[in-house]
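Order of the sequence lines sets the chain letters (A, B, ...), proteins ahead of strands, with each chain counted from 1.
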Number of protein chains: 2
Amino acid sequence: MTFFERPALVRDGVYGHLRRAVLDGDIAPGERIGEAELGERLGVSRTPIREALMRLTQEGLLVSEANKGVRVRTVSAAEARDTYVVREELDGLAAALAAQTHTAADADALRAALAALNAAPGGDYRAQTRLDLAFHQGVTLAAHNAALAELARGLEQRVALIKHQTRTYNAHPETEAQHAAILQAILARDAASAREAARQHVRTFAPLVMQNLGESR
Amino acid sequence: MTFFERPALVRDGVYGHLRRAVLDGDIAPGERIGEAELGERLGVSRTPIREALMRLTQEGLLVSEANKGVRVRTVSAAEARDTYVVREELDGLAAALAAQTHTAADADALRAALAALNAAPGGDYRAQTRLDLAFHQGVTLAAHNAALAELARGLEQRVALIKHQTRTYNAHPETEAQHAAILQAILARDAASAREAARQHVRTFAPLVMQNLGESR
DNA sequence: CGCCTCAGGATTGTATACAATATCCAAAGA
DNA sequence: TCTTTGGATATTGTATACAATCCTGAGGCG
């Protein structure tokens with residue numbers, strides 16, 4: 001009965017297990033995570049549990065209140081808006097850099113990621129969210145900028161969190177065309193177009209999510 | 001004999017103590033930090049020490065090798081270049097947003113921060129680095145965007161780290177004028193000028209640091 | 001009936017004990 | 001002399017024990 005792959009360190013296993021559970025929506029935003037209970041379920045002590053929880057808290061997936069434990073983060077409307085403002089800038093930069101610096105292997109990976117995303121069943125929200133995340137992370141990786149990858153990773157994760165919270169999924173009809181436009185511009189090594197396509201994608205999506213979060217504009 | 005202010009939690013005290021030590025350059029990049037020795041010096045157990053170290057590692061100030069402990073991060077030339085590419089984008093965004101959204105209190109704080117920075121003795125590298133960090137963080141705060149503040153904080157910290165590593169300080173003659181230009185554009189609520197001033201500042205500074213990184217290799 | 005008080009239990013924070021892994025040095029062999 | 005190997009030592013990783021804080025609810029008092 002193994003709950004997670006076996007990295008060398010227990011805390012890394014717990015981290016990966018919990019990260020996936022949160023990003024897949026298996027643990028709902030706002031839900032509490034008790035150290036003792038989780039440790040019992042996974043068959044490990046509280047020490048690696050705590051270290052994994054702290055790491056996820058630092059990444060913004062969980063929130064911690066002193067002496068009261070951690071919960072899956074719930075993103076406020078203001079925080080979501082802030083996130084999309086920054087994401088528009090960073091995703092645009094990532095796409096522009098990817099257009100300039102991507103390798104043949106990057107191109108293959110991006111094509112495969114997009115194909116997988118488009119092939120996902122319309123009703124499988126979990127797969128959609130996961131594959132959408134994978135595509136955008138692929139763009140970031142193709143930019144070959146370590147600092148950008150680090151920051152974008154946190155943002156993309158938070159976006160996934162927001163999607164679960166608002167139950168907004170990639171149902172928008174323009175999504176597929178926009179993804180294609182981003183990929184095409186990158187493959188054509190057209191940095192300016194890639195940047196604008198990525199920014200447009202964020203600008204299209206953000207209002208949808210904000211609407212579900214209950215804030216106009 | 002107290003080594004750090006005492007927040008409610010010991011780990012937060014250790015975190016603040018170490019963060020300042022690293023950002024002030026009291027612990028050199030590459031230097032190793034042993035848990036037991038540090039715990040003994042601070043009079044606390046290894047548990048809060050480990051949690052503080054993990055947090056600083058996650059923030060990018062330290063690096064951790066499995067079973068081999070943590071060291072103050074040494075930033076490679078490629079990582080530094082990546083950092084400045086992203087920073088140009090984010091600092092530009094921060095300045096633009098600050099121009100649009102800053103309050104009267106923000107304006108006062110920014111003026112005070114810049115005055116303090118300009119008043120710092122030319123030879124006091126520690127004060128210069130700390131006050132420069134404070135000014136840039138002030139701009140970020142004035143942008144009133146939580147997601148941006150979070151990301152920019154990490155970048156600014158890394159820049160401070162790079163400065164210590166390369167021994168590049170704010171000696172450049174244009175620095176003072178550029179800071180003034182950023183502040184002036186923000187106060188005038190001229191978003192476009194503020195963005196460009198901030199970007200120009202990064203573009204001026206980055207080559208200096210990169211040059212020193214090439215030498216100090 | 002409503003509000004306050006205060007045990008009791010439960011949960012997190014910290015300290016310590018134990019296990020696993022890496023580092024270092026000295027001795028043996030080619 | 002150089003390399004290798006083995007174990008002693010030190011350090012990190014994990015588990016457990018203890019302390020401090022918070023939540024709950026029953027009972028008393030106004």
[atom1] of [X] versus [atom2] of [N]: gap in Å, rounded?
X	N	atom1	atom2	answer
B:R32	C:dA22	CZ	C1'	10 Å
A:I33	C:dT12	CD1	C1'	15 Å
A:I49	C:dT12	CD1	P	11 Å
A:R46	C:dT12	CZ	C1'	6 Å

Residue whose nearest DNA chain D nucleotide is more 5′ - B:T47 or B:G34 =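 Upstream on the strand: B:G34.
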Counting only N and O atoms by type, is there a donor-acceptor contact under 3.5 Å from the side chain of B:H144 to the main-chain atoms of B:H102?
->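 A pair under 3.5 Å: no.
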Any donor and acceptor pair, going by atom type alone, linking the side chain of A:T101 with main-chain N or O of A:A143 inside 3.5 Å?
->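 Side chain of A:T101 to backbone of A:A143, a donor-acceptor pair under 3.5 Å: yes, one is there.
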Side-chain donor-acceptor pair present, A:D132, A:T129, cut-off under 3.5 Å =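 Per modelled atom types, A:D132 and A:T129 side chains form no pair under 3.5 Å.
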Stepwise, does the salt bridge (Lys or Arg N to Asp or Glu O under 4.0 Å) test hold for A:R153 with A:E59?
-> CA-CA 9 Å; A:R153 172 190 156 95; A:E59 286 185 10; 3.5 Å; yes
Assess whether side chain to side chain contact (heavy atoms under 4.5 Å, CB included) is satisfied between B:L148 and A:D82, documenting all intermediate values.
-> CA-CA 7 Å; B:L148 176 59; A:D82 288 355; over 6 Å; no
Contact residues, residues 63-71 of chain A to DNA chain D [heavy atom, < 4.0 Å] =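 Close to the strand are A:N67, A:K68.
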NZ/NE/NH1/NH2 to OD/OE distance under 4.0 Å, A:R158 and A:E79 =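 Salt bridge flag = no for A:E79 with A:R158.
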Looking for any heavy atom pair under 4.0 Å, which part of the strands does A:R50 touch: base, sugar-phosphate only, or nothing?
->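 Base contact.
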Examine B:K163 relative to B:Y125 and say whether NZ or CZ is less than 6.0 Å from the centre of the six-membered ring and inside a 45° cone about the ring axis.
->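 Ring-cation test returns no.
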Passing candidate, side-chain hydrogen bond (donor to acceptor under 3.5 Å, both in side chains) with B:D24, options B:R130, B:H164, B:R19 |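 Among B:R130, B:H164, B:R19, the one meeting side-chain hydrogen bond (donor to acceptor under 3.5 Å, both in side chains) with B:D24 is B:R130.
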Using the heavy-atom set of chain A and a strict 4.0 Å cut-off, write down the first and last nucleotide of DNA chain D that makes it in, 5' to 3'.
->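 First and last nucleotides in contact are D:dG13 to D:dC23.
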